[in-house]
There are 2 protein chains.
Amino acid sequence: MSTRERILETALRLFNETGTATVSTNHIAQALGISPGNLYYHFRNKEEIIRALFERLFALWDEGGSLPADRPATLEDLQQVVRESYRLLWEYRFVYRELVALLRHDEHLRQRWLEVRARGFDGFYALIDAFVAAGVLRLPDDPAVLPRLAELVWLISEFWLPSVEVSGEPMNPAHMEHGIALMLQVLDPYIVKP
Amino acid sequence: MSTRERILETALRLFNETGTATVSTNHIAQALGISPGNLYYHFRNKEEIIRALFERLFALWDEGGSLPADRPATLEDLQQVVRESYRLLWEYRFVYRELVALLRHDEHLRQRWLEVRARGFDGFYALIDAFVAAGVLRLPDDPAVLPRLAELVWLISEFWLPSVEVSGEPMNPAHMEHGIALMLQVLDPYIVKP
DNA sequence: GTCTATATCGCGATAGAC
DNA sequence: GTCTATCGCGATATAGAC
């Protein structure tokens with residue numbers, strides 16, 4: 001692995017462990033066993049490291065969020081998308097922990113974030129809408145229900161993990177499944193039972 | 001106002017604006033127009049200031065979270081509780097933005113947080129349960145539904161505000177009402193219509 | 001590409017005068 | 001209770017040898 005990539009791996013680990021504020025460029029270099037000067041050869045500063053980690057996360061999102069194009073999507077597919085989203089958020093958990101501060105500190109990063117996030121939400125919205133069209137879900141006439149359901153599912157997929165972290169319990173796979181159950185609870189009253 | 005209280009007010013404002021990490025004790029003293037030495041007379045360090053701010057938030061929660069004892073609670077009461085919760089979270093918005101890092105850094109604070117949070121969740125659970133008992137809500141036989149609904153309502157009341165912040169739009173009262181609507185969306189399928 | 005050495009800066013914290 | 005002065009430390013960042 002290239003030095004640049006090893007810097008990113010180490011930074012990600014340290015950021016997840018104790019946060020970007022307490023982890024200095026010196027810490028990263030020392031944990032990796034290289035000199036501070038060497039690190040500065042690869043990245044101009046800590047901000048650039050953070051940007052690069054965000055871009056890696058964005059790329060993973062774009063890979064994992066897609067659905068099978070050859071058949072109609074099922075509720076299983078929705079679960080799978082949310083499960084994958086949880087997994088990535090866990091791997092990059094420093095991101096959501098510090099998101100507001102990080103975006104405030106870096107306008108360029110903020111623009112990128114808003115773009116990628118909007119794409120992600122549109123995907124969720126289209127998915128729920130497709131379920132309605134396919135008869136998997138039956139919604140009431142009120143046209144406000146669909147957007148609200150999409151927002152709720154999105155909110156859960158973004159914040160379930162931080163919610164568990166705040167509770168103080170160590171994260172485990174059962175927590176992930178519980179988050180899936182909460183998401184399904186929101187949709188359950190509208191699921192057309194066979 | 002005492003100097004101690006003015007320090008807390010200034011620290012709260014600065015923490016909300018740019019986060020605890022970038023705000024030093026020097027910054028707080030300078031913004032307030034006192035000397036760094038004076039600040040250290042009132043607080044041993046920044047950690048103590050943060051603890052004091054958390055305690056102020058806890059006290060406000062305990063005040064605002066109670067329901068009228070002289071009559072059965074209504075869905076209006078639930079909305080009011082959540083609305084008040086949003087207001088406090090906005091006033092102390094640095095808390096949720098940095099919660100995981102702050103609790104990790106201060107074990108004492110973490111214990112206090114878990115205590116207060118558990119009380120708050122129990123209140124929500126009891127409230128939803130009371131609605132079922134009073135016939136305002138009718139739930140299916142599945143005993144897992146009640147706890148899931150309580151968790152969802154709780155999740156929304158905790159994370160709706162951070163969710164709006166992350167979206168990049170400036171906060172406004174309409175966002176608060178939209179958060180209320182999302183919470184009601186979760187309960188709506190179970191509300192007994194007259 | 002990687003190292004060592006170093007310059008500059010600001011933070012946290014304390015001592016002691018008033 | 002509030003101030004000034006100051007010390008020690010660690011972080012960011014760069015220069016220049018290898």
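Residue numbering restarts at 1 for every chain, and letters A, B, ... go by the order of the sequence lines.
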What is the distance, rounded to the nearest whole Å, between atom [atom1] of [X] and atom [atom2] of [N]?
X	N	atom1	atom2	result
Ile28(B)	dG10(C)	CD1	C1'	15 Å
Ile34(A)	dC3(C)	CD1	C1'	11 Å
Asn26(B)	dC7(D)	CG	C1'	14 Å
Ile7(B)	dG1(D)	CD1	C1'	11 Å
Gln30(B)	dT4(D)	CD	P	12 Å
Leu32(A)	dT2(C)	CG	P	10 Å

Strictly below 4.0 Å: does [X] bring a side-chain N or O up to OP1 or OP2 of [N]?
X	N	value
Tyr41(B)	dT2(D)	no
Ser24(A)	dT12(D)	yes
Asn38(B)	dC3(D)	yes
Thr3(B)	dT2(D)	yes
His27(A)	dG10(D)	no

_Name the residue from Thr10(B), Ile49(B), Leu14(B) that meets the side chain to side chain contact (heavy atoms under 4.5 Å, CB included) definition with Val23(B)._
Leu14(B)
*asked:* Looking only at the side chain of Asn45(A) (C-beta and beyond, no hydrogens), which of the listed nucleotides dT2(C), dT12(D), dA13(D) gets closest?
replied: dA13(D)
*State which of dG12(C), dC11(C), dT2(D) makes the closest approach to the side chain of His42(B).*
dT2(D)
_Ion pair check, Glu91(B) and Arg87(B), cut-off under 4.0 Å_ = yes
_Qualifying residue, where the test is side chain to side chain donor-acceptor pair (under 3.5 Å) with Glu107(B) and the options are Gln111(B), His105(B), Arg104(B)_ = Gln111(B)
*Indicate, with a heavy-atom threshold strictly under 4.0 Å, whether Ser35(B) touches base, sugar-phosphate, or nothing.*
base
_Non-hydrogen atoms of Leu184(A) and Gln79(A) that approach each other most closely_ = CD1-NE2, 3.7 Å
